[in-house]
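I have placed the structure first, in the form of structure tokens, so that the comments after it can refer back to it.
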Amino acid sequence: MTGLIAFREIVLKVHSRCDLACDHCYVYEHADQSWRARPKVISPGVVSQTASRLAEHARDHALPSVTVILHGGEPLLAGTARLRLVCEEFTRALAGTADLDLRIHTNGLQLSRRYLDLFAEYGVRVGISLDGDRAANDRHRRFADGRTSHPLVLAAVALLRSAPYRHLYLGLLCTVDVANDPVAVLDALVELEPPRVDFLLPHATWQTPPARPDGAPDAYARWLLRIFDHWERLGRPVPVRLFESLQSTLRGGPSLTESLGLAPTDLVVVETDGTLEQVDSLKTTFEGAAATGFNVFDHPFDLVAAHPGVRARQLGLEGVSGTCRRCPVVRSCGGGLYAHRYAAHNGFDNPSVYCSDLRELVDGVEGRTAARQTAPELADPDALARSHEELTRVLLARLHTDLAGDPGWARSWELLAAVEGAGEAGADALDRVLDHPFTRTWVLEALEAQREGRADRPGAARRLAALTAAAVLRGGLELPAEVAYRDGEVYLPTLGLLRLGEPGTQGRAVLRHTGEGYAVRDGRAEHRFGPAAGDARWLPVRSWSPGPDAEPVALEDLDPYRNCFARPPRLRLGAGEADEWRGRLDAAWALLHRTVPVFARAAAAGLSTLTPLAGGPRAGGWGEAGRHAPGALGVPYAAGVRETALALLTGRRRARLRALTEVADLYALDGAWQHPSPWRTRPVPVSRLLADVHERVAVEAYRRATAPHEPDGADLIHRALDRLSEAAELTVTGKRLVEELRWELKAAYA
């Protein structure tokens with residue numbers, strides 16, 4: 001099955017005629033009239049064979065669930081006996097293979113208790129087509145003799161909403177007509193308390209364009225935005241899939257509807273005679289557009305998946321026109337519904353006939369919601385820190401799921417729970433050690449080792465025991481904390497390194513807080529260690545303060561997980577070396593505050609750990625953000641003051657952007673487009689261009705303040721920012737970041 005999609009949804013045409021004469025129906029009123037030659041009702045043989053084919057397909061592709069939508073024409077005209085057969089056959093065929101989600105889309109005219117009792121028996125959820133209030137509904141949804149259908153539909157919805165059947169209520173489908181009052185339409189739909197509303201653009205192509213009463217190219221966007229504004233004023237009383245899909249893609253998430261976004265289709269249609277077809281909306285384009293040449297009796301679903309027309313729907317970005325690929329909203333609109341792109345001269349290689357509407361709709365929803373959809377972590381360092389704290393805890397809990405059966409791990413996990421439950425002091429102390437940046441590095445390395453089958457369970461248990469012991473000591477808790485040491489020593493995260501034996505030795509020891517310091521019992525002997533003990537076997541983590549009011553920063557040259565930088569860390573600094581480094585850090589920090597104070601304050605936010613790196617500075621003297629170690633920064637130990645200042649500045653910029661990307665979506669489909677970069681010879685993905693600009697804005701501000709005679713780099717940055725502003729990959733948060741960078745650059749030149 002390599003390279004073939006799996007169909008997770010089938011539309012089963014159980015009846016090919018209808019009891020209404022809607023003038024906008026894609027089955028009867030458009031180019032493809034193949035319904036005329038098909039049986040009115042699906043036969044038992046087609047039902048049974050389709051169910052078998054679907055079960056076969058689900059087994060072959062190991063699908064956990066499949067959806068079957070009963071459709072028409074009007075599916076209720078098939079009658080309860082035929083619909084019961086459908087439910088029985090599909091339930092039987094899928095039993096033990098995949099979960100079955102049965103749905104029916106109906107105009108509701110025939111809906112009665114006998115149908116709903118059947119649907120309740122098999123869990124068939126019901127969606128009803130309704131275009132709004134009576135005036136709106138009667139524009140199109142009438143009987144052939146012109147009578148209104150509205151009262152009968154309302155009666156059907158009332159029955160569906162009643163207590164025995166409410167759980168079957170799937171939602172309402174409303175076809176847009178810009179001649180209707182959008183506020184009245186939404187009010188009428190909301191009054192019926194649907195679980196979801198789907199607004200559908202009327203089917204149209206470049207050959208048969210949509211009606212535009214005022215001649216405006218954005219009439220449908222303006223109508224839908226009035227719906228959106230009223231929906232917002234009402235407090236979003238019901239989910240609206242169109243709007244929720246747009247907001248999802250604007251945040252970097254997936255599309256939630258076939259009519260928008262770049263997600264591949266996973267749907268196949270089975271007609272009443274067993275013919276297998278592509279999506280029904282293609283019937284609006286030309287006769288035979290949906291045909292595949294296959295049927296359920298002679299062909300498996302995988303042959304349909306290999307059909308060129310179906311494959312064209314799997315191409316994502318490559319499947320839209322060149323115009324669409326260059327459009328900044330293509331991730332949200334996806335080029336529009338495939339059928340709406342059709343023109344006789346070149347097929348589907350066009351933007352949607354609703355292109356102007358879709359662009360204005362996406363921009364309109366984004367403009368109305370961007371402020372509240374922007375990730376709070378972008379503007380609030382505390383929110384960023386909280387998100388990373390939560391992420392570390394989630395990852396640690398995942399590791400616990402993998403290692404809970406290990407006795408050593410289990411003992412330490414029980415103690416960790418006791419620390420967290422030991423009041424405010426315990427919880428605060430545990431937060432401090434979990435927030436230690438190299439805790440995240442350790443957890444991720446352990447998870448990766450688990451996935452690759454090379455897990456070091458004793459090593460993971462030792463680190464958890466040491467981490468928990470550090471929390472016990474930090475919190476001054478009266479809890480004995482057992483640790484295992486290896487190679488004669490144990491590292492206590494955030495505190496220091498305790499030597500308990502000669503190199504090569506291993507064993508266990510118990511640590512406790514004495515009230516004035518720390519004590520360790522190894523066998524029968526106990527001795528004190530810690531800040532006041534003066535014990536040569538204890539190597540504490542040193543610290544440095546970036547300012548009188550700033551939190552101390554750990555100078556971490558002990559933690560074995562500090563090797564998460566691109567170059568190796570220095571070994572333990574001597575006392576004199578540490579003092580010299582503090583002096584260079586003081587001078588570098590003062591230089592930053594004197595020349596770029598705003599950037600210096602931003603660099604201090606979230607910085608918790610500095611690690612000296614081996615060797616001198618590389619080009620530019622830039623620092624290194626630790627891989628998956630939020631708050632950590634590696635700085636070349638041998639760098640001079642100016643180089644150290646630049647390392648602190650650029651390293652923190654890199655660390656901040658990395659921290660943001662780990663908890664907030666700044667872009668989606670990274671790599672789908674390649675962008676020219678002013679600083680590189682080849683085009684780059686949006687992530688690289690954004691990282692370059694994010695760093696160079698700070699570098700340019702520093703250059704302006706310290707070396708104004710050097711070439712001005714603002715023009716290149718502006719070019720890159722302009723490119724980013726038009727990048728389809730950026731989410732609302734990513735776009736907000738680009739605007740922030742513009743303001744930073746402007747302030748640097750003020």
Side-chain angles (χ1 to χ4, degrees), residues 6-16 18 41-59 61-129 156-157 159-162 164-173 194-196 198 239 241 256-258 265-272 274 276-277 279-280 296 301:
F7 292 117
R8 292 172 170 79
E9 187 173 300
I10 71 166
V11 172
L12 185 68
K13 297 299 190 74
V14 296
H15 200 283
S16 67
C18 190
V41 186
I42 194 169
S43 69
V46 172
V47 172
S48 177
Q49 184 64 20
T50 304
S52 296
R53 288 292 190 195
L54 182 59
E56 170 189 64
H57 190 69
R59 281 193 299 272
H61 292 272
L63 299 180
S65 64
V66 291
T67 299
V68 177
I69 303 171
L70 311 184
H71 216 282
E74 170 46 52
L76 294 181
L77 292 177
T80 54
R82 191 55 46 91
L83 292 177
R84 174 175 289 278
L85 176 67
V86 170
C87 295
E88 289 174 346
E89 286 293 302
F90 279 87
T91 299
R92 177 194 56 77
L94 273 300
T97 298
D99 292 337
L100 175 62
D101 177 10
L102 280 168
R103 305 178 182 187
I104 189 167
H105 285 175
T106 172
N107 61 31
L109 301 186
Q110 306 293 323
L111 197 64
S112 64
R113 290 186 182 277
R114 64 193 182 100
Y115 283 105
L116 288 174
D117 288 340
L118 170 64
F119 297 158
E121 184 179 346
Y122 287 95
V124 183
R125 293 185 291 165
V126 182
I128 293 182
S129 297
V157 175
L159 180 60
L160 183 57
R161 291 171 61 198
S162 64
Y165 310 118
R166 173 75 193 186
H167 65 290
L168 302 176
Y169 192 8
L170 182 61
L172 300 174
L173 290 83
R196 186 181 71 198
D198 278 314
R241 184 157 63 169
L256 307 178
T257 171
E258 178 202 1
T265 183
D266 57 1
L267 177 150
V268 65
V269 177
V270 182
E271 292 287 351
T272 54
L276 291 164
E277 293 200 335
V279 292
D280 258 12
V296 296
F301 284 165

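Nothing here was measured: the structure is a model prediction, and the numbers come from that model.
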Distance-minimising heavy-atom pair for Ala55 and Leu94: CA-CD1, 4.2 Å
Closest non-hydrogen atom pair between Gly73 and Pro75, with its separation: O-CD, 3.6 Å
Side-chain contact test, heavy atoms from C-beta onward, threshold under 4.5 Å: evaluate it for [X] versus [Y] and give yes or no.
{"X": "His57", "Y": "Ile10", "value": "no"}
{"X": "Leu118", "Y": "Val124", "value": "no"}
{"X": "Val126", "Y": "Leu116", "value": "yes"}
{"X": "Val270", "Y": "His71", "value": "no"}
{"X": "Tyr122", "Y": "Glu88", "value": "yes"}
{"X": "Val157", "Y": "Tyr169", "value": "yes"}
{"X": "Arg113", "Y": "Leu159", "value": "yes"}
{"X": "Val296", "Y": "Leu276", "value": "yes"}

Using salt bridge (Lys or Arg N to Asp or Glu O under 4.0 Å) as the criterion, list what pairs up with [X], not counting sequence neighbours.
{"X": "Asp266", "result": "none"}
{"X": "Arg161", "result": "Glu193"}
{"X": "Glu9", "result": "none"}

Inter-residue atom distance Thr50.OG1 - Lys13.NZ, 0.5 Å rounding: 13.0 Å
Point-to-point distance, once rounded to the nearest 0.5 Å, from CG of Leu77 to CG of Leu83: 9.5 Å
Residues that Tyr115 engages under ring pair (Phe, Tyr, Trp, His ring centres under 6.0 Å), provided they are two or more places apart: none
Contacts of Phe119 that satisfy ring pair (Phe, Tyr, Trp, His ring centres under 6.0 Å) - sequence neighbours left out: none
Which residues pass the side-chain hydrogen bond (donor to acceptor under 3.5 Å, both in side chains) test with [X], sequence neighbours left out?
{"X": "Asp99", "answer": "none"}
{"X": "Glu121", "answer": "Arg84"}
{"X": "Arg82", "answer": "none"}
{"X": "Gln49", "answer": "none"}

Side-chain donor or acceptor of Thr91 paired with backbone N/O of Cys87 under 3.5 Å: yes
Flag, side chain of Glu74 to backbone of Asn107, donor-acceptor distance under 3.5 Å: yes
Partners meeting side chain to side chain contact (heavy atoms under 4.5 Å, CB included) with Thr257 (sequence neighbours left out): Arg241, Ser245, Ser255, Ser259, Leu260
Residues that Leu170 engages under side chain to side chain contact (heavy atoms under 4.5 Å, CB included), provided they are two or more places apart: Arg103, His105, Arg125
Pair Val66-Leu100, side chain to side chain contact (heavy atoms under 4.5 Å, CB included): steps then yes or no: CA-CA 5 Å; Val66 291; Leu100 175 62; 4.2 Å; yes
Ionic contact status for Arg92 with Glu89, cut-off 4.0 Å: yes
Pairs flagged by ring pair (Phe, Tyr, Trp, His ring centres under 6.0 Å) wherever residues 77-98 is involved - sequence neighbours left out: none
